[in-house]
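Since the structure comes first, as structure tokens, the remarks are kept for the end.
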Amino acid sequence: VLFGDRALGGVMNIITKPEKENKTSAEGTIGSFGLRSAGASLSRIVGEATARLDINRSVVDGYRRDSYQAQTGLSGRLRVPTRFGEFGATVRASDENLRLPQSISASTFQSDPRNPGGYRTSSWRETRAGGISLDTEYSSAWSSSVRFIAEDLDRKSIDPWSSTIYETTRNTITADFVNRIGTLTGLYGAEIFDASSESNRSNRNKVNQRSTAFYASLEQSLADAKLMAGLRTQEMENGFSPTSSAATQSTKKRLESWSLAGRYPLLGGVLRGGIQSSFAFPTADQLYTFQSVSPYAPQNIYPGVDPMRSN
């Protein structure tokens with residue numbers, strides 16, 4: 001409910017433990033089909049401030065020819081106590097380089113699964129993100145958190161055989177506020193993003209998207225039980241830019257979703273239950289139709305793709 005268009009049915013949020021001591025670690029892996037990976041982690045405590053840096057690199061040649069993959073990731077975190085609360089800052093960057101083998105017939109694959117021939121498609125994906133936060137505890141019964149995150153995504157695919165270039169970009173800003181008073185916790189937030197998708201082979205050159213979403217959730221503890229409720233509303237606007245002087249097409253739609261859930265200790269276990277509705281708008285690169293023959297490049301823009309709904 002809260003995270004909308006990229007998370008039909010929910011998301012997982014992984015929070016690592018805070019640093020308690022100075023620590024340095026490294027690891028490496030070697031495996032079949034050219035697998036090589038290495039990673040290192042460094043955490044430091046300076047006074048009351050803590051910092052952590054992680055870096056990793058993974059490369060694999062793959063089972064089939066032209067299925068090489070390389071991934072590099074870097075992340076850093078800083079937490080500093082202040083008189084207003086604990087200030088936090090995070091940065092994250094990742095690069096992915098893929099070589100994808102062409103689509104082939106079953107008989108061609110079965111004759112030589114690892115070396116079927118043909119040309120390859122190259123794909124790159126870059127992600128950059130940063131965020132700041134402030135966690136404040138006013139008393140044992142009252143605390144709050146404020147977070148702001150900005151993310152930039154750029155993905156490009158190149159087919160050297162047909163000189164097709166296909167690129168998708170997305171810029172996202174997310175802000176939320178969490179307030180806890182006694183046994184009631186509330187989360188309130190907003191997400192805004194701009195995205196585009198374009199190909200040098202499409203008749204209508206570019207799709208632009210702009211989304212604005214607002215969400216809220218409440219969690220109330222009642223003795224050993226907990227009740228939870230959530231709401232989300234999102235407006236998606238799509239613009240279709242032709243290569244010619246024809247008028248630009250546009251569509252706009254707003255959707256809402258909700259959830260109710262609870263849990264209660266029962267017979268030595270925990271009874272959980274919930275009902276919800278959720279949705280997923282089509283992404284910018286899902287609003288193309290593709291050629292039916294190789295190189296399967298985006299060909300026409302199709303504005304009639306409906307959002308997915310789940311209950």
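Quantities reported herein were computed from a predicted structural model and do not represent experimental measurements.
- The closest donor-acceptor contact from the side chain of Q209 to the backbone of P282 lies under 3.5 Å.
- At most 12 heavy atoms of other shown residues, nucleotides or ligands fall within 6.0 angstrom of atom CD1 in I30.
- With rounding to the nearest 0.5 Å, the separation of CZ in R263 from CG in L271 is 12.0 Å.
- A donor and an acceptor atom, one from each side chain of R57 and T72, are located under 3.5 Å apart.
- Contact annotation: the side chain of T29 never approaches that of E27 to less than 4.5 Å [non-hydrogen atoms, C-beta and beyond].
- A donor atom on one side chain and an acceptor atom on the other are found under 3.5 Å apart for D135 and S145.
- Using modelled atom types and a 3.5 Å distance limit, the side chains of S278 and S257 yield no donor-acceptor pair.
- When all heavy atoms of Y63 and R114 are compared, the pair lying nearest together is O-NE, 2.9 Å.
- Atom CD of Q220 and atom CG of L218 lie 8.5 Å apart (nearest 0.5 Å).
- For the side-chain contact (heavy atoms from CB on, under 4.5 Å) with R128, the lone residue among D154, D95, L153, L74 that qualifies is D95.
- Hydrophobic clustering (side-chain heavy atoms under 4.5 Å, transitive across Ile, Leu, Val, Met, Phe, Trp, Tyr) keeps L98 apart from V59.
- For the atom pair CD of Q286 and OG1 of T168, the computed distance is 10.0 Å after rounding to the nearest 0.5 Å.
- Closest heavy-atom contact between V60 and S32: CG2-O, 4.5 Å.
- Side chain of T136 to main chain of F84: a donor-acceptor pair is present (N/O by atom type, distance under 3.5 Å, no hydrogens or angles).
- Under 4.0 Å is where a charged nitrogen must lie from a carboxylate oxygen, and between R36 and D61 at least one such pair does.
- Looking at every heavy atom in both residues, Q234 comes nearest to F193 through NE2-CE2, 4.2 Å.
- Heavy-atom minimum distance, N22 versus I45: OD1-N, 2.7 Å.
- Annotation: side chain of M228 is not in contact with side chain of S217 (no heavy-atom distance under 4.5 Å).
- A donor-acceptor contact closer than 3.5 angstrom links the side chains of R180 and S143.
- Under the 4.5 Å side-chain contact rule for hydrophobic residues, L42 and I55 do not share a cluster.
- The shortest distance between side-chain heavy atoms of L222 and T183 does not fall below 4.5 Å.
- A donor atom on one side chain and an acceptor atom on the other are found under 3.5 Å apart for T233 and R254.
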field: Residue pair R210, N208: steps toward the side-chain contact (heavy atoms from CB on, under 4.5 Å) verdict
entry: CA-CA 7 Å; R210 172 164 291 183; N208 291 305; over 6 Å; no
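- When all heavy atoms of F148 and I173 are compared, the pair lying nearest together is CE1-CG2, 3.5 Å.
- Residues R232 and E191 are paired through a salt bridge, judged by an N-O separation under 4.0 Å between the basic side chain and the carboxylate.
- Smallest separation of non-hydrogen atoms from S123 and S157: OG-OG, 3.5 Å.
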- prompt: Would L231 and E256 count as a side-chain contact (heavy atoms from CB on, under 4.5 Å) if you check the C-alpha gap in whole Å, the side-chain angles of each, and the deciding distance to 0.1 Å?
  reply: CA-CA 7 Å; L231 293 171; E256 289 77 32; over 6 Å; no
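- Within 6.0 Å of atom OH in Y68, more than 12 heavy atoms from other residues, nucleotides or ligands are found, so the atom counts as buried in its surroundings.
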- request: Begin with the C-alpha distance, continue with both residues' side-chain angles, and end with the deciding distance and a verdict on side-chain contact (heavy atoms from CB on, under 4.5 Å) for T24 and R44.
  value: CA-CA 9 Å; T24 302; R44 289 293 181 267; 3.3 Å; yes
query: Which is it for I275 and W258 under the side-chain contact (heavy atoms from CB on, under 4.5 Å) test, yes or no, and what are the steps along the way?
result: CA-CA 9 Å; I275 55 175; W258 55 270; 3.6 Å; yes
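- To the nearest 0.5 Å, the span separating CG on N171 from OG on S196 amounts to 8.0 Å.
- Counting Ile, Leu, Val, Met, Phe, Trp and Tyr side chains that sit under 4.5 Å apart, directly or through other members, I192 stands alone, with no cluster partners.
- Between the CD atom in Q71 and the CG atom in N97 there is a gap of 10.0 Å [rounded to 0.5 Å].
- Distance check: T90 OG1 to R147 CZ gives 9.5 Å after rounding to the nearest 0.5 Å.
- With 3.5 Å as the limit, one finds a donor-acceptor pair spanning the side chains of Y138 and S144.
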